[in-house]
Amino acid sequence: MTHLLLLIILALFSMVAVMAKDLLRSAVALGVASVALTLVFYEMSAPWAALFELSVCAGLITVLFVSAINLVRGSEAFLLEERHRFWALPCFLVALGAGLWLFGDHVAPSLMPAGDAADSTPVGSMLWGPRRFDLVGQICMFLSGVLAIAAFFGPAKRPPLEKGPGSVSTGCTPATFDYQEGK
Amino acid sequence: MNPVMAANLFCTAFLVFIGVYCMLVSRNLLRLLIGVEIVSKGVLLALITAGQAVGRMGAAQAFAITAVAVEVVVVAVALGLVVRAYGAHGSLDVWKLNNLRG
């Protein structure tokens with residue numbers, strides 16, 4: 001019962017995140033949905049995934065969204081969208097739910113993976129053993145992300161200096177040129 | 001099928017639908033990213049459900065951790081792009097990002 005309640009909270013707050021008019025409310029609703037997903041994971045005996053979901057998705061990504069919203073909070077940041085399209089979402093969801101209720105039993109078994117044999121390797125051994133290459137991929141992703149952010153928000157390029165009438169084009173940087181003149 | 005897994009798959013379908021609908025309908029760049037986030041939540045739920053179904057929670061959690069790491073990098077870089085686009089255009093409307101239009 002608790003599991004079902006948590007899933008309902010997750011779907012409900014995801015819907016609020018899409019339909020809210022204020023972007024800040026959307027970001028907060030997304031964080032609450034992440035917390036609900038964390039509790040679902042914990043209940044499904046996946047504590048490590050729950051930990052990462054809570055710290056990264058509910059914490060870090062919410063903070064990133066809130067800071068980005070504050071950075072772009074301008075006159076046009078909250079542009080007028082066609083709200084009636086968002087209000088149609090619950091109708092579509094009801095239709096989807098009815099379709100799944102009627103035909104889900106035929107589709108779902110074919111979606112479920114056929115397990116070979118249960119494997120109770122702990123997540124640490126799995127991550128540092130057979131899935132070690134994933135860690136290399138994660139490190140590459142983090143490095144590329146840091147490089148991308150540094151490229152976006154790094155120091156701006158200096159504009160080229162204007163040359164005076166008597167200056168000679170030496171190909172030196174301005175600092176070197178001044179130093180030679182002073183000498 | 002186990003009713004818990006059926007409920008999880010039901011919720012996964014809902015989350016993916018909500019996220020894709022958000023990406024299709026919204027014109028705001030930040031709301032598009034919120035749609036991406038919701039889809040990734042659905043994918044994480046499906047991963048853990050599949051791990052529980054076959055009794056391999058270790059592998060499922062390892063995949064989920066990798067997915068979370070990829071997700072946070074994607075969101076951080078995309079938010080950086082959004083902020084730069086706002087600085088260049090003064091708007092978050094995707095319909096106004098038409099500089100490359102022929």
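Just so it is clear, the values below take in all heavy atoms, side chains as well, and ignore hydrogens, waters and symmetry mates. So that the names make sense, note that chain A is the first sequence line, chain B the second, and so on, each numbered from 1.
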Tell me whether [Y] is reachable from [X] by hopping between hydrophobic residues (I, L, V, M, F, W, Y) whose side-chain heavy atoms are closer than 4.5 Å.
X	Y	value
B/Leu29	A/Val66	yes
B/Ile38	A/Val16	no
A/Val63	A/Leu54	no
A/Met44	A/Val35	no
B/Leu32	B/Val70	yes

Q: Check whether any side-chain heavy atom of A/His3 lies under 4.5 Å from a side-chain heavy atom of B/Asn8, and answer yes or no.
A: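 The answer is yes; the side chains approach within 4.5 Å.
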Q: Applying side chain to side chain contact (heavy atoms under 4.5 Å, CB included), run through A/Met15 and B/Phe14 and close with a yes or a no.
A: CA-CA 9 Å; A/Met15 216 167 69; B/Phe14 263 53; over 6 Å; no
Under 4.5 Å heavy-atom distance to chain A, tell me which part of [X] shows up: side chain, backbone, both or neither.
X	result
B/Leu33	both
B/Val72	both
B/Ala62	both
B/Leu81	both
B/Cys22	both
B/Leu15	side chain
B/Phe17	side chain

Under 4.5 Å from a heavy atom of chain B, the part of [X] involved:
X	value
A/Leu7	both
A/Leu64	both
A/Pro47	both
A/Leu4	side chain
A/Ala148	side chain
A/Phe152	both

Q.
Tell me if a side-chain donor or acceptor on B/Arg31 pairs with a main-chain N or O of A/Val18 at a distance below 3.5 Å.
A.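 Side chain of B/Arg31 to backbone of A/Val18: a pair is present.
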Looking at [atom1] of [X] and [atom2] of [Y], how far apart are the two atoms once the value is rounded to the nearest 0.5 Å?
X	Y	atom1	atom2	result
B/Met57	A/Trp48	CE	CH2	14.0 Å
A/Ser45	B/Gln61	OG	CD	7.5 Å
A/Phe41	B/Leu47	CZ	CG	8.0 Å
A/Leu71	B/Leu79	CG	CG	9.5 Å
A/Arg131	B/Ile65	CZ	CD1	12.5 Å
A/Ile61	B/Ser40	CD1	OG	7.0 Å

Among [options], single out the residue with the greatest number of heavy-atom pairs under 4.5 Å to chain B.
options	result
A/Ala49, A/Ala46, A/Cys57	A/Ala46
A/Leu135, A/Ile149, A/Leu96	A/Leu96
A/Leu127, A/Ile8, A/Leu30	A/Leu30

**Q.** Members of residues 136-144 of chain A whose heavy atoms come closer than 4.5 Å to chain B
**A.**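 Heavy-atom contacts from residues 136-144 of chain A to chain B are A/Gln138, A/Met141, A/Phe142.
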Q. For the residue pair A/Ala27 and B/Ile34, what are the closest heavy atoms and their distance?
A.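 So the two residues come closest at N-CD1, 4.5 Å.
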Q: Taking all heavy atoms of A/Phe65 and all of B/Leu30, pick out the closest pair and write down the distance.
A: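 Taking A/Phe65 first and B/Leu30 second, the nearest heavy atoms are CE2-O, 4.0 Å.
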(Q) Using the side-chain hydrogen bond (donor to acceptor under 3.5 Å, both in side chains) criterion, which residues pair with A/Thr38? Sequence neighbours excluded. (A)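 Listed in chain order: nothing, the list is empty.
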Q. Between B/Ala69, B/Gly87, B/Gly19, which has the largest tally of heavy atom pairs under 4.5 Å with chain A?
A.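 Counting heavy-atom pairs under 4.5 Å, the top option is B/Ala69.
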Q | Donor on one side chain, acceptor on other, B/Lys41 and A/Ser34, under 3.5 Å | A |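 A/Ser34 and B/Lys41 do have a side-chain donor-acceptor pair below 3.5 Å.
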Q) In this structure, are over 12 heavy atoms from other groups packed under 6.0 Å from A/Phe13 atom CZ? A)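 Atom CZ in A/Phe13 is not packed in, count stays at 12 or less.
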